[in-house]
Amino acid sequence: MATGQIFSKTTQALFYNYKQLPIQRMLDFDFLCGRETPSVAGIINPGSDGFQKLFFGQEEIAIPVHPTIEAACNAHPTADVFINFASFRSAAASSMSALKQPTLRVVAIIAEGVPESDAKQLISYARANNKVIIGPATVGGVQAGAFKIGDTAGTIDNIIQCKLYRPGSVGFVSKSVKMMVVLGELGGSDEYSLVEALKQGKVQKPVVAWVSGTCARLFKSEVQFGHAGAKSGGELESAQAKNQALRDAGAVVPTSFEALESVIKETFEKLVEEGNIPPVPEVTPPLIPEDLNTAIKSGKVRAPTHIISTISDDRGEEPCYAGVPMSTIIERGYGVGDVISLLWFKRSLPRYCTQFIEICVMLCADHGPCVSGAHNSIVTARAGKDLVSSLVSGLLTIGPRFGGAIDDAARYFKDAYDRGLTPYEFVEGMKKKGIRVPGIGHRIKSRDNRDKRVQLLQKYAHAHFPSVKYMEYAVQVETYTLSKANNLVMNVDGAIGSLFLDLLSGSGMFSKQETDEIIEIGYLNGLFVLARSIGLIGHTFDQKRLKQPLYRHPWEDVLYTK
């Protein structure tokens, strides 16, 4: 590293308070400069660790994330620059912590609004310990062709146009090898220190300078430009006076800001002619891949989507279910049945349909602690597992033998009815195939002890459905099966399955193809899963509230045999 140079092509930094865009711009600059290793060695996000994925050219890389400054310094001892993107509230404390790390040499503080007393304390500590502070309230810094801090130098296009991806011979408001360019402003007297240095011969290099703010004299009253310092405090602090003083001291000062570029070029070319500056060979910078989102917006690429969704949309001001805004759902007093109709069936069903859905959910929410699903959830909860684990253990028992026969009941009842089979032909045909009739049969209920849930569903359908042909067919099948055994009654699966067929066909809102698809996909079993989740969650909470111990099945309830 040259004398007086802060950064080099091997400089690495620790980035405090993760910001994706500034880090990615640093990595893109690294790639343009032909660096072999990324300039960001690690990221510090208080309380977090892991990795952040970013791009180094076309290669995706993982940059380590550390929870503390100390941990990051220990993990990356060669990183000697600390880039602090903390807010003004915590910038001083985190910067002081960084200055106290033996491996860190330069601390750049981006935040504005850091109290002046804190800034003075940081600067004093840095000077006493031979360290460098950049900021507070800085954009950063850049070493052409080597290293840059955060958003310094703007976009990649600007960096390429300014050729900052390669070393040069002109330093801008900094020390350089051959030539200096200074851009000042009206107000203050800093430029006069340069005037004195030129007069005393302390600065031997060519200086191109311009002090902005010459238009201030056009205003009748005093004008402040940009910030507190850019205000003339008298004739000596005016832009015209400073420019003339610099010109008199030997600096090259253009006649206007517009002429600054040409003056810099002329001065540089003169140094080349005199042999003071060897021309730097031009190199073609590598192409930085454009981010996909930017390229898509500009119409440069087409990218396929990975997910298709037709039931909801969370873009815009509020979420929508099947095109219905959330506010409309609330304002119209929609219930759970209406939401299910939108998200499952992608349409607003008539009120009698959505109310039937809600009745099914209420009637199937629970069936006591002894059924297999509830038993599993209870045992899991008593084992100390969390809510989701207890719920899932109960849901996994749902299938052909427990609550999962609604779709099969609907499928077989519909096929038999549509083909015109008599209950006898249907039941005996199933028997010959070795298939039990779904929706028929119960371990407890019988001809003389009917399932009250089935009766309530049938009563509602008779009162509100325009047609109950499938339910009536299922009742005829039940009459035939009861002639064979007293417990071959219609269960809740059969009632819901047959009545949902009547809902789909009687509402006039579903085609035959849609009805077949709904049954095939498993919509009706989904209704039981949704409903029973309520009860399984309840059993889980009940066991935890009662602080029940680990469950162990009693020996006397097990038949041990060879």
Side-chain angles (χ1 to χ4, degrees), residues 352-353 355-357 359-364 367-368 370-371 398-507 510 512 515-516 518-520 522-525 527-528 531-532:
Y352 78 88
C353 295
Q355 192 170 356
F356 173 75
I357 292 174
I359 291 173
C360 290
V361 170
M362 290 187 288
L363 294 180
C364 295
H367 203 201
C370 298
V371 295
I398 296 176
R401 298 181 181 179
F402 171 62
I406 302 177
D407 284 306
D408 283 341
R411 188 178 298 112
Y412 284 112
F413 282 143
K414 183 176 186 300
D415 177 72
Y417 179 86
D418 291 350
R419 288 197 294 139
L421 298 181
T422 64
Y424 169 82
E425 292 171 333
F426 170 52
V427 173
E428 297 304 323
M430 294 285 283
K431 183 178 179 181
K432 288 180 180 179
K433 296 176 184 177
I435 303 174
R436 299 175 65 179
V437 178
I440 296 292
H442 204 286
R443 293 177 63 87
I444 298 175
K445 300 300 178 181
S446 63
R447 181 199 309 272
D448 302 319
N449 180 27
R450 298 298 182 95
D451 191 330
K452 188 66 175 179
R453 298 174 299 174
V454 173
Q455 295 175 332
L456 290 170
L457 288 168
Q458 291 174 336
K459 180 179 179 181
Y460 179 86
H462 277 299
H464 299 91
F465 279 29
S467 170
V468 289
K469 60 182 183 181
Y470 288 106
M471 185 196 74
E472 289 176 346
Y473 181 75
V475 170
Q476 294 172 19
V477 171
E478 177 192 45
T479 300
Y480 178 74
T481 56
L482 282 174
S483 67
K484 292 179 168 292
N486 199 40
N487 68 330
L488 292 181
V489 294
M490 187 187 307
N491 56 40
V492 73
D493 290 350
I496 294 177
S498 59
L499 285 172
F500 237 102
L501 291 174
D502 288 321
L503 183 152
L504 295 172
S505 63
S507 66
F510 298 90
K512 181 182 182 303
T515 299
D516 292 340
I518 286 170
I519 297 170
E520 183 63 31
Y523 275 55
L524 309 188
N525 281 349
L527 196 62
F528 182 85
R532 190 50 57 95

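Start at 1 with the first residue, then count along the sequence. All values below come from the heavy atoms of this structure, side chains included, with hydrogens, waters and symmetry mates left out. Just so you know, these numbers come straight off a predicted model, no measurement behind them.
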Enter the distance from [X]:[atom1] to [Y]:[atom2] here, rounded to the nearest 0.5 Å.
X	Y	atom1	atom2	result
Ile444	His367	CD1	NE2	6.5 Å
Thr481	Arg447	OG1	CZ	9.0 Å
Asp408	Ile435	CG	CD1	9.0 Å
Ile357	Leu527	CD1	CG	7.0 Å
Asn487	Asp448	CG	CG	11.5 Å

Ring geometry between Phe413 and Phe426 (parallel below 30°, tilted from 30 to 60°, perpendicular above 60°): tilted
For a 4.5 angstrom cut-off between non-hydrogen side-chain atoms, does [X] reach [Y]?
X	Y	value
Cys364	Ile496	yes
Tyr417	Ser498	no
Tyr460	Gln355	yes
Ser505	Lys469	yes

- prompt: Does one side chain, of Asp418 or Tyr473, offer a donor that lies under 3.5 Å from an acceptor on the other?
  reply: no
query: Do Glu428 and Tyr480 have a side chain donor and acceptor closer than 3.5 Å?
result: yes
query: Would Tyr470 and Phe500 count as a close aromatic pair, with their ring centres under 6.0 Å?
result: no
task: Show your reasoning for whether side chain to side chain contact (heavy atoms under 4.5 Å, CB included) applies to Gln458 and Met490.
output: CA-CA 11 Å; Gln458 291 174 336; Met490 187 187 307; 3.8 Å; yes
task: I would like to know whether Arg453 and Lys445 meet side chain to side chain contact (heavy atoms under 4.5 Å, CB included); could you show each step before the answer?
output: CA-CA 11 Å; Arg453 298 174 299 174; Lys445 300 300 178 181; over 6 Å; no
So which heavy atom on [X] is nearest to which on [Y], and how close?
X	Y	value
Ser507	Cys353	CB-SG, 4.2 Å
Ala409	Gly494	CB-CA, 4.0 Å
Phe356	Leu499	CZ-CB, 3.6 Å
Leu488	Lys484	CD1-CB, 4.4 Å
Leu501	Ala410	CD1-O, 3.3 Å
Val477	Pro423	CA-CB, 4.0 Å

Stepwise side chain to side chain contact (heavy atoms under 4.5 Å, CB included) test for Val371 and Arg532: CA-CA 11 Å; Val371 295; Arg532 190 50 57 95; 4.0 Å; yes
message: Using a strict threshold of under 4.0 Å (side-chain N to carboxylate O), is an ion pair present between Lys512 and Asp516?
response: yes
Salt bridge flag under 4.0 Å for residues Arg411 and Asp407: no
- prompt: What's the verdict on side chain to side chain contact (heavy atoms under 4.5 Å, CB included) for Asp451 and Val489, showing C-alpha distance, side-chain angles and the deciding distance?
  reply: CA-CA 9 Å; Asp451 191 330; Val489 294; over 6 Å; no
query: In a check of side-chain contact (heavy atoms from CB on, under 4.5 Å) between Ile406 and each of Asp493, Val492, Asn491, which one passes?
result: Asp493
